[in-house]
Asker: 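Just dropping this structure here.
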Amino acid sequence: MILNLFSQFASPNLFGLPLIFIALLAPWFVFPTPCNRWLTNRVVTIQTWFVKTFTKQIFLPLNTPGHKWALILTSLMIFLLGMNLLGLLPYTFTPTTQLSLNLGLAIPLWLATVAIGFRNQLTASLGHFLPEGTPTPLIPILIIIETISLFIRPMALGVRLTANLTAGHLLIQLISSATLALLFSSPIVSALTFITLILLTMLEIAVAMIQAYVFVLLLSLYLQENT
């Protein structure tokens, strides 16, 4: 049973070739390419409105140097949102349930924000390790604590995204299996379980969108500290 539950998180293969690359490319094929026409269809209009709203929400608190990250963070948001939502479809694979992929996205981007801070404002970046007015006996302890908290940030980014999506997929599989098992023995309970499954699926759609937004939002906050 445990193997069946967690087998959905294994990368599928076809003729010995991993299909995770197709899952990584799928979000870019779903989102339409904007055109230069005066009148566009509803899908392109919604996409344009979403990108403008998201960019304004994320980059409004940032300084002008941080606006250079607009393309990177907006593309990352579309990428994560597409993978999270497409992974909720039946017989699909969600790459963002893999901790290695999430850490591969979180660590380089976090490291880039830290490098920008040390390059542009070295004194202010080092000042984050030691708050002003700290008593002398607490200085070594606070430096160690702040250093640990700094290096935990990319781990927290990757683990948060992985844990939330993995837990949601496991719940959906458990409740769907219970619905099918109770279909003939107890139809009423099975119907109630199916309603719960629909509500849980709606909740997971919201979680998939929120987790993609939180991932990019935290990166923008790290960027704000270093610009």
Side-chain angles (χ1 to χ4, degrees), residues 24-87 94-96 99 101-129 131 146 149-165 204-227:
L24 292 175
L25 293 175
W28 303 115
F29 293 107
V30 173
F31 285 88
T33 303
C35 59
N36 296 325
R37 298 177 181 177
W38 288 5
L39 295 178
T40 58
N41 54 30
R42 292 183 178 89
V43 177
V44 176
T45 303
I46 293 174
Q47 177 189 350
T48 305
W49 170 83
F50 168 75
V51 171
K52 288 183 179 179
T53 305
F54 169 77
T55 306
K56 181 180 179 180
Q57 183 73 22
I58 291 293
F59 292 95
L60 188 62
L62 294 181
N63 299 326
T64 303
H67 295 173
K68 298 177 182 178
W69 286 59
L71 180 61
I72 297 176
L73 294 184
T74 304
S75 301
L76 179 63
M77 175 66 185
I78 294 176
F79 180 60
L80 293 176
L81 182 63
M83 285 194 298
N84 293 348
L85 293 178
L86 290 176
T94 312
T96 44
L99 183 60
L101 174 66
N102 296 333
L103 290 180
L105 293 173
I107 293 178
L109 292 173
W110 163 82
L111 191 59
T113 61
V114 175
I116 288 175
F118 279 105
R119 187 188 65 178
N120 296 335
Q121 46 182 17
L122 180 61
T123 305
S125 298
L126 293 177
H128 292 158
F129 293 95
E146 291 297 329
S149 65
L150 178 65
F151 284 98
I152 283 178
R153 286 180 174 182
M155 300 293 296
L157 277 177
V159 171
R160 180 187 294 107
L161 182 59
T162 304
N164 281 282
L165 295 180
E204 282 305 309
I205 293 175
V207 168
M209 299 174 66
I210 291 172
Q211 288 305 315
Y213 176 76
V214 168
F215 190 94
V216 179
L217 177 63
L218 291 177
L219 281 175
S220 68
L221 293 179
Y222 300 156
L223 181 63
Q224 184 180 2
E225 292 181 358
N226 294 284
T227 55

Asker: Report the distance from atom CZ of Phe79 to atom CG of Leu73, rounding to the nearest 0.5 Å.
Answerer: 14.0 Å
Asker: In the structure I gave you, are the side-chain heavy atoms of Leu157 and Leu105 within less than 4.5 Å of one another anywhere?
Answerer: no
Asker: Using 0.5 Å steps for rounding, measure from the CD1 atom of Ile58 to the CD atom of Gln224.
Answerer: 10.5 Å
Asker: Around Phe118, counting heavy atoms of other residues, nucleotides and ligands shown, do more than 12 lie under 6.0 Å from its CZ?
Answerer: yes
Asker: Could you tell me the separation between the CD atom of Glu204 and the CG atom of Asn164, rounded to the nearest 0.5 Å?
Answerer: 8.5 Å
Asker: For residues Asn84 and Leu161, determine if any side-chain heavy atom of one lies less than 4.5 Å from a side-chain heavy atom of the other.
Answerer: yes
Asker: Closest heavy-atom contact between Val51 and Ile78?
Answerer: CG2-CD1, 4.1 Å
Asker: So which heavy atom on Asn102 is nearest to which on Thr96, and how close?
Answerer: ND2-O, 2.8 Å
Asker: Give a yes or no on whether the backbone of Val159 and the side-chain of Thr162 come within a donor-acceptor separation of less than 3.5 Å.
Answerer: no
Asker: Mind jotting down which residue pairs meet the salt bridge (charged side-chain N to carboxylate O under 4.0 Å, His left out) criterion with at least one end in residues 154-165? Sequence neighbours excluded, please.
Answerer: none
Asker: Taking all atoms of both residues into account, what is the closest heavy-atom pair of Gly158 and Leu103, and its distance?
Answerer: CA-CD2, 4.1 Å
Asker: What heavy-atom pair brings Pro154 and Ala106 nearest, and what distance separates the two atoms?
Answerer: O-CB, 3.7 Å
Asker: How close do Phe59 and Thr74 get, counting heavy atoms only, and between which atoms?
Answerer: CE1-OG1, 4.3 Å
Asker: CD1 of Ile116 to CG of Asn226: how many Å apart, nearest 0.5 Å?
Answerer: 7.5 Å
Asker: Step by step, work out the side-chain contact (heavy atoms from CB on, under 4.5 Å) result for Met83 and Thr94.
Answerer: CA-CA 6 Å; Met83 285 194 298; Thr94 312; 5.5 Å; no
Asker: Measuring only between side-chain heavy atoms, which start at C-beta, is Met209 closer than 4.5 Å to Leu85?
Answerer: yes
Asker: Roughly how far, to the nearest 0.5 Å, is CG of Leu109 from CG of Leu76?
Answerer: 6.0 Å
Asker: What are the two closest heavy atoms between Met77 and Phe50, and how far apart are they?
Answerer: CE-CZ, 4.0 Å
Asker: How long is the straight-line distance from OG1 of Thr55 back to CH2 of Trp69, given to the nearest 0.5 Å?
Answerer: 15.0 Å
Asker: Counting neighbours of CD on Gln121 that are heavy atoms of other residues, nucleotides or ligands and sit closer than 6.0 Å, is the number greater than 12?
Answerer: yes
Asker: With a 3.5 Å cut-off and sequence neighbours excluded, list the donor-acceptor pairs that the side chains of residues 213-222 form with protein atoms.
Answerer:
residue: Ser220; atom: OG; partner: Leu217; partner atom: O; Å: 2.5

